[in-house]
*Asks:* 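Sharing a structure, written as structure tokens. Questions coming.
Atoms within each ligand, like the ligands themselves, are counted from 1 in listed order. These values consider heavy atoms only, across backbone and side chains, with no hydrogens, waters or symmetry-generated copies. Just so you know, these numbers come straight off a predicted model, no measurement behind them.
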Amino acid sequence: MPSTSARALFWFRRDLRLDDNHALARALTEVGDVVPVFIFDRNILDPLPRQDRRVEFIHAAVASLKARLQELGSDLIVRHGDAVTWIARLAGEHKVSAVYTNEDYEPDAIARDVLAARALGVRDIPLRTFKDTVIFARAEVMTGQKKPYTVFTPYKKQWRERLGHDAVAAHPSADHLDKLAKLPESPMPSLEKLGFEPAGLAETKIDASEAGAQAALERFVDRAIVRYHEDRDFPALPGTSRLSVHNRFGTVSIRALARAALAAPKGEGAETWLSELAWRDFYFQLLYHYPDVATQPFKTEYTDIAWQNDPELFAAWCEGRTGYPIVDAAMIQLNTSGFMHNRLRMIVASFLTKDLLVDYRWGEAYFAKQLLDFDQAPNNGGWQWAASTGCDAQPYFRIFNPSRQSERFDPDAKFIKHYLPALAKADAKLLHAPWENSSKLAASGVKLGVDYPRPVVDHATQRDACLVMFKKIRET
Ligand SMILES: Cc1cc2nc3c(=O)[nH]c(=O)nc-3n(C[C@H](O)[C@H](O)[C@H](O)COP(=O)(O)OP(=O)(O)OC[C@H]3O[C@@H](n4cnc5c(N)ncnc54)[C@H](O)[C@@H]3O)c2cc1C
């Protein structure tokens with residue numbers, strides 16, 4: 001254990017908050033005199049487009065963190081470059097006895113941390129890592145045979161049974177902030193200095209600060225959690241928390257979400273919401289135990305599936321012009337806001353893979369570029385679930401019918417009309433399958449092929465083609 005008179009570096013990554021931050025609490029209580037740092041990692045940033053909402057979100061969250069640390073008489077040292085090189089360098093410059101950080105379970109992050117531990121090891125400085133991003137990590141929830149769960153329901157059962165006080169207790173980092181190193185104030189590099197331009201985060205009205213995340217959690221718990229099980233599937237309702245971006249960057253603690261659900265009025269709403277947090281943990285442990293899923297189907301028998309990968313159909317899907325209003329409205333929500341409702345993620349993922357017969361990895365990569373809450377584990381898990389290639393996935397023969405999904409989950413076409421204003425005047429009933437109603441639609445001023453596209457494929461035909469594609473690969 002490092003001596004209490006020593007100094008430590010605290011490396012912020014996907015935990016951009018001061019409260020209930022596990023590794024920060026440990027650094028403050030075990031060492032004290034903690035120097036906080038954040039590195040804009042060129043290895044991650046350089047390949048990104050120069051306008052990227054996520055970079056804007058991180059920049060805003062880091063700026064807010066830095067301002068709070070300055071109010072406390074400390075600072076956040078912010079650097080731009082290779083993360084490993086900078087961490088080793090800063091650890092040397094500040095003569096620290098240890099570097100504290102929270103665990104990251106993505107394959108690339110694990111590889112980076114191995115390099116960081118090695119670079120610090122040369123100077124005899126340990127890299128101390130702690131669980132923070134998830135409630136149960138790695139091998140904490142395992143089968144009786146000590147194997148990782150690959151089916152969600154039994155995983156969730158054990159997860160829920162173990163969700164006691166200890167699992168969700170706060171790590172009291174905020175109580176020890178007086179132990180932060182006193183540092184002179186340094187300027188925050190601008191977005192432009194990092195090589196990026198604003199990408200429209202302001203229009204999303206998301207507050208990227210820790211206070212913003214806390215307010216979003218309180219709003220959800222006060223107004224929506226008790227009805228969550230009823231409202232969560234309807235994209236036109238404000239039925240879900242919209243906390244995923246905060247979970248991604250750690251502007252809120254995942255334990256705080258679980259504590260809030262446990263303290264909420266008992267009932268199906270809070271329990272269903274807890275299940276979603278369990279799905280999140282489930283996908284994290286899956287990626288950790290099976291890192292190959294990052295590039296390959298979990299079900300290896302589907303590795304050589306003959307996806308048709310038509311670039312024009314893929315472009316129509318990306319741009320929201322498939323002629324299926326629920327799909328197009330969802331894609332426009334994604335493209336314009338960086339968010340997509342969970343029900344719609346399932347619908348568009350099913351449509352891309354089972355109707356357009358495009359490899360799920362194309363869709364996964366597109367989501368990775370567009371989603372503000374993009375997170376490798378749930379994104380990969382969600383895509384493989386929809387494509388039927390994943391663990392505990394949708395069976396390949398159960399194929400979403402986009403028109404039925406639209407009727408069921410957007411019955412008044414409120415969501416569709418919001419994102420497709422060309423259809424705003426049409427009768428909602430006509431919008432779930434507009435090609436069946438072209439003359440009635442024309443009467444309301446919508447001419448198919450002119451004001452709104454005709455369908456790029458026929459669902460029934462594509463459904464059969466998809467079943468053949470899956471049957472073929474299963475036979476071989
Ligand atoms: C194809 C596909 C891709 C997805 N990609 C991502 C992604 O990149 N990043 C991401 O965070 N989620 C992803 N999800 C899961 C889910 O759609 C989002 O987490 C959810 O829509 C976020 O909205 P919310 O915060 O209002 O969620 P809520 O319904 O309020 O749920 C609370 C929290 O639980 C977690 N969560 C909810 N649903 C799921 C789920 N099905 N799987 C895992 N975690 C869940 C999220 O952290 C969320 O903030 C994906 C789902 C699918 C089907």
*Asks:* Passes side-chain contact (heavy atoms from CB on, under 4.5 Å), Asp207 versus Thr251? Steps please.
*Replies:* CA-CA 10 Å; Asp207 180 342; Thr251 33; over 6 Å; no
*Asks:* Could you tell me whether the side chains of Asp375 and Tyr283 share a donor-acceptor contact shorter than 3.5 Å?
*Replies:*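 There is no such pair (donor and acceptor under 3.5 Å, judged by atom type) between the side chains of Asp375 and Tyr283.
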*Asks:* Considering only heavy atoms, which of Asn379, Thr353, Leu274 lies nearest to atom 4 (C) of ligand 1?
*Replies:*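 When every heavy atom of Asn379, Thr353, Leu274 is considered, Asn379 comes closest to atom 4 (C) of ligand 1.
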*Asks:* Between the side chains of Arg17 and Asp132, is the shortest nitrogen-to-carboxylate-oxygen separation below 4.0 Å, so that they form an ion pair?
*Replies:*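 Salt bridge between Asp132 and Arg17, a charged N being under 4.0 Å from a carboxylate O: yes.
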*Asks:* Going by the order shown, which atoms of ligand 1 are within less than 4.0 Å of some heavy atom of Asn247?
*Replies:*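 Those of ligand 1 that fall under 4.0 Å from Asn247 are 33 (C), 46 (C), 47 (O), 48 (C), 49 (O).
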*Asks:* Quick one: which of Asp281, Asp373, Asp233, Val348 has a heavy atom closest to atom 7 (C) of ligand 1?
*Replies:*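 It is Asp373 that holds the nearest heavy atom.
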*Asks:* Mark up the atoms of ligand 1 that fall under 4.0 Å of a heavy atom belonging to Phe374, in ascending order.
*Replies:*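 Counting from 1, the qualifying ligand atoms are 8 (O).
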*Asks:* So, 4.0 Å and heavy atoms of Phe220: is ligand 1 close enough to count as a contact?
*Replies:*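 No, that is not the case, since the closest heavy atom of the residue is not under 4.0 Å from the ligand.
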*Asks:* Hey, which of Tyr366, Trp362, Tyr324 is the one that makes ring-ring contact (aromatic ring centres under 6.0 Å, His included) with Trp317?
*Replies:*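 Considering Tyr366, Trp362, Tyr324, a ring-ring contact (aromatic ring centres under 6.0 Å, His included) with Trp317 is found only for Tyr366.
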*Asks:* Which ligand 1 atoms are under 4.0 Å away from a heavy-atom of Tyr228?
*Replies:*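 Ligand 1 atoms under the 4.0 Å threshold to Tyr228: 28 (P), 29 (O), 31 (O).
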*Asks:* Pick one of side chain, backbone, both or neither for how Phe339 approaches ligand 1, counting any non-hydrogen atom pair under 4.0 Å.
*Replies:*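 Under 4.0 Å from ligand 1, Phe339 contributes side-chain atoms alone.
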*Asks:* Considering the heavy atoms of Leu243, write down every atom of ligand 1 situated less than 4.0 Å from one of them.
*Replies:*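 Near Leu243, the atoms of ligand 1 are 25 (O), 49 (O).
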*Asks:* In Å and rounded to the nearest 0.5 Å, what is the CG to CD distance from Asn342 to Glu276?
*Replies:*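 Going from the CG atom of Asn342 to the CD atom of Glu276 covers 6.5 Å.
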*Asks:* Answer yes or no for Met346: is there a heavy-atom contact with ligand 1 below 4.0 Å?
*Replies:*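 So Met346 counts as touching ligand 1.
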*Asks:* Compare all side-chain heavy atoms of Leu431 with those of Ser406 and state whether any distance is below 4.5 angstrom.
*Replies:*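 No, every pair of side-chain atoms sits at 4.5 Å or beyond.
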*Asks:* Which ligand 1 atoms are under 4.0 Å away from a heavy-atom of Arg242?
*Replies:*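 Reading through ligand 1 atom by atom, the close ones are 24 (P), 25 (O), 26 (O).
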*Asks:* Which of the listed options, Gln384, Arg232, Arg280, Glu364, holds the heavy atom that is closest to atom 44 (N) of ligand 1?
*Replies:*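 It is Arg280 that holds the nearest heavy atom.
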*Asks:* Applying a 4.0 Å heavy-atom criterion (strictly less than), which segment of Trp385 is in contact with ligand 1: side chain, backbone, both, or neither?
*Replies:*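 For Trp385, there is no contact with ligand 1 at all, from either part.
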*Asks:* Which ligand 1 atoms are under 4.0 Å away from a heavy-atom of Leu371?
*Replies:*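 Checking each atom against Leu371, I get 5 (N), 7 (C), 8 (O).
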*Asks:* Mark up the atoms of ligand 1 that fall under 4.0 Å of a heavy atom belonging to Ser244, in ascending order.
*Replies:*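 In order of numbering, the contacting atoms are 11 (O), 22 (C), 23 (O), 25 (O), 49 (O).
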*Asks:* Show me which atoms of ligand 1 lie under 4.0 Å from any heavy atom of Leu277.
*Replies:*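 The list of qualifying atoms is 33 (C), 34 (O).
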*Asks:* Below a 4.0 angstrom heavy-atom separation, can you tell me which part of Trp273, side chain or backbone, both or neither, approaches ligand 1?
*Replies:*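 For Trp273, the contact with ligand 1 is made by the side chain alone.
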*Asks:* Taking the six-membered ring for Trp and the single ring otherwise, decide whether the centroids of Phe136 and Phe284 are under 6.0 Å apart.
*Replies:*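 Phe136 vs Phe284: aromatic centres not under 6.0 Å.
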